[in-house]
Amino acid sequence: TLESDFRMIRLSRQGLVLLLIAGAFPTLILVYLTFTSDDGYAGEATFQRLELKFASKLRELSMDNRALRKQVSLARTELAAFEMNVDEASPKSFNNCANTQQEVPKCEVIHIAIVCSGHKSTRDVVTLIKSVLFYRKNPLHFHFLSDTTAQVILNYLFETWRVPDVKISFYHADKVKEDIEWIHNKHYSGIYGLLKLVLPKTLPTSLEKVIVLDTDVSFATDIAELWKMFSFLNGLKVLGLVENQSDWYLGKIWKNHIPWPALGRGFNTGVILMNLRVLREMNWMEMWKKIAVKELETMQYTQLADQDIFNAVLKEHPYFVYHLPCQWNVQLSDNSKSDKCYNQLEEPKIIHWNSPKKFKVENKHVDYFRNLHLAFVEYDGNLLRRELFGCEKSEDANPTASQEEVSEDECFEFRREQSLVHRTHLFYLDYKYQPEEYDVTLVTQLSIDRLQMLELLSNRWEGPISLALYLSDAEAQQFLKYAQDSEILTKRTNIGYHIVYKDGQFYPVNYLRNVALNQSQTSHMFLSDIDFLPMPGLYNHLKSVVSRIDMEKENKALVIPAFETQRYRLEFPTTKADLLTKLDKEEIFTFRYDVWPQGHLPTNYTKWRTAKAMYTVKWERDYEPYIVVKKGIPLFDQRFVGFGWNKVSHAILLDLLGYKFVVLPDAFIIHMPHAPSLEITKFRNNALYRNCLKTLKGEYQRDLSRKYGLKALKYLSVD
């Protein structure tokens with residue numbers, strides 16, 4: 001009655017049953033039955049009872065055996081495919097396989113998925129994107145799974161970067177957090193370190209494959225070379241990964257270290273080839289969750305975020321993974337043995353700073369890799385705005401002026417600046433501030449040569465600041481180091497730093513002002529210049545003033561009287577009385593009293609000396625006061641670049657729109673001395689510069705007349 005897959009040989013008395021199980025895994029099982037009774041009949045009866053129980057057990061084993069044979073058959077098929085896989089220890093094997101890869105069509109879109117959250121992550125991802133753009137020859141589509149902060153920053157960055165043949169899509173992390181927030185993750189990446197697990201669910205179902213990258217990687221080759229590796233992901237191979245290059249998953253990092261289960265050394269998930277279509281078909285979300293729940297019963301939490309769970313899945317399903325050659329993810333952590341990879345194989349193709357210490361990691365070749373990375377950090381991103389010839393052109397490609405237009409217009413360079421779109425990175429550093437009901441943000445801008453004013457300003461204005469910085473990519477790194485090393489600035493999280501990258505020949509002062517103005521998050525704004533320092537307590541004074549004045553029913557511009565000193569070591573006045581004393585001693589003067597008196601003369605400094613209450617002044621020609629206004633005012637006119645008329649034009653517009661200029665009697669700012677800017681030097685020494693500024697003035701006035709009619713006629717009197 002036993003199954004035909006088994007043979008049974010019975011021996012009496014000291015009996016021996018030998019079972020030979022014939023199946024996919026031939027196994028010899030010896031079962032010894034020793035009978036203690038001297039009664040042959042009793043021994044025989046005992047044997048029969050055992051025989052019946054054993055036969056029942058064999059039927060169960062037979063059913064399991066059939067299931068095993070199916071799995072083994074599948075495993076053998078996968079093994080055959082696996083043996084065709086690239087032997088990452090053999091460059092020769094890799095090169096032979098590479099020769100069989102199909103080239104990526106020139107205009108095929110390569111899809112890249114990146115998890116990005118917070119301010120720092122947006123800085124890191126820019127370096128990654130630069131490295132990809134530098135080598136790429138194909139159109140790219142970046143898919144960002146991000147929080148609100150990163151989405152706002154990156155969306156504006158790409159809008160102003162305008163790289164041809166690059167598309168971006170955003171997927172808000174909040175929509176899928178419920179899928180992973182139940183997992184306790186001790187990795188520094190927090191909940192965002194688990195989001196790669198949900199990419200098959202999050203990305204569009206029409207997208208069948210994607211390259212997944214960490215933000216701390218840099219490319220040293222064309223990403224199309226990695227995209228080609230998808231040709232090796234067939235059958236059930238759904239993930240392309242590089243083996244982990246440390247002993248983490250071997251449990252050898254420190255004493256009593258218990259890692260998550262993994263195949264051998266495990267795999268690093270900083271670079272992933274992901275076959276989305278097959279992952280969805282095999283119900284990936286349910287699969288990884290089931291395995292994670294089981295492992296968390298003993299592990300309690302993840303140590304390396306999503307990487308632990310990916311490895312636990314691959315431990316149970318080893319045929320899911322395709323072994324990428326190690327140079328596609330050269331891992332630079334303290335315990336990494338990556339030098340065995342790039343010493344034996346080709347040069348690194350992707351550098352991965354997968355240590356919390358980043359550039360301070362202990363690696364004998366760290367200087368080489370750091371320089372390679374910094375080359376992209378400081379690389380001029382504007383140079384990456386190159387089109388891919390032979391592919392369909394982007395709809396938003398920048399129009400170029402004809403040669404005839406250039407030759408006929410002597411002010412072409414000034415007009416060209418108006419059409420420039422400056423690449424802009426908002427909130428370059430962490431920003432955390434909750435505005436009060438009546439609050440005032442100081443809005444200003446600077447270039448690298450005024451950076452030293454930032455600490456001085458921060459010491460005298462404790463409120464929020466919205467600051468636009470005009471910098472090159474390399475200068476942005478100088479600023480970053482300056483800010484991170486400053487004891488004063490590191491204590492502040494209410495300063496919004498917005499990097500506007502250099503492009504063109506002139507300082508785009510009004511574009512900078514508009515960037516800073518638009519990013520202000522308070523009810524009111526103080527529009528100032530970086531060279532001015534406010535009186536002590538001005539922030540709290542202005543908050544008190546705007547809370548008492550109704551600036552909703554009537555448009556008002558609150559004028560802050562401006563003064564100047566030529567002394568670098570001025571004992572800064574603390575009160576109005578103190579300032580008037582220094583004014584009488586000629587240690588302080590009204591601003592530009594000797595070279596541009598009309599700029600601030602309407603403020604009426606004589607009246608201000610004795611004023612106890614606010615008073616209204618009328619607009620006059622060339623008036624350019626520093627003012628406090630409510631949020632939502634008109635922007636500055638961006639045709640005015642460099643030196644001249646950039647604030648005057650704005651004051652004209654405010655007057656035209658009915659704003660009243662109201663002087664505050666107990667407030668003041670002081671301009672600190674500095675070397676002349678490059679722009680004022682060009683204005684003074686270049687007749688064409690001055691002539692073109694005059695031309696732009698006339699065009700601005702005529703534009704106002706066309707838009708506002710008779711109301712704008714009084715502004716036509718300018719030379």
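Side chains are part of it too, since the values below use all heavy atoms of this structure and drop only hydrogens, waters and symmetry mates.
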In terms of relative ring orientation, are [X] and [Y] parallel, tilted or perpendicular, with 30° and 60° separating the classes?
| X | Y | value |
| --- | --- | --- |
| Tyr438 | His524 | tilted |
| Phe158 | Phe144 | tilted |
| Phe479 | Tyr428 | tilted |
| His671 | Phe591 | tilted |
| Phe563 | Tyr605 | perpendicular |

Lys/Arg N to Asp/Glu carboxylate O, [X] vs [Y], below 4.0 Å:
| X | Y | answer |
| --- | --- | --- |
| Arg592 | Glu624 | no |
| Lys177 | Asp147 | no |
| Asp430 | Lys120 | no |
| Arg450 | Asp529 | no |

Is the distance between the ring centroids of Phe414 and Tyr689 under 6.0 Å?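 Yes.
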| message | Is the distance from the ring center of Trp461 to that of Phe532 below 6.0 Å? | response |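 No; Phe532 has its ring centre 6.0 Å or more from that of Trp461.
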Worksheet item: In chain order, what residues pass the side chain to side chain donor-acceptor pair (under 3.5 Å) check against Tyr659, with sequence neighbours excluded?
Response: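 Partners of Tyr659 under the side chain to side chain donor-acceptor pair (under 3.5 Å) test: none.
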Would you mind reporting whether Arg123 and Leu480 have side-chain heavy atoms less than 4.5 Å apart?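 In contact.
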field: pair Leu451-Gln478: side-chain heavy atoms closer than 4.5 Å
entry: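 Result no, sub-4.5 Å side-chain heavy-atom pair not found.
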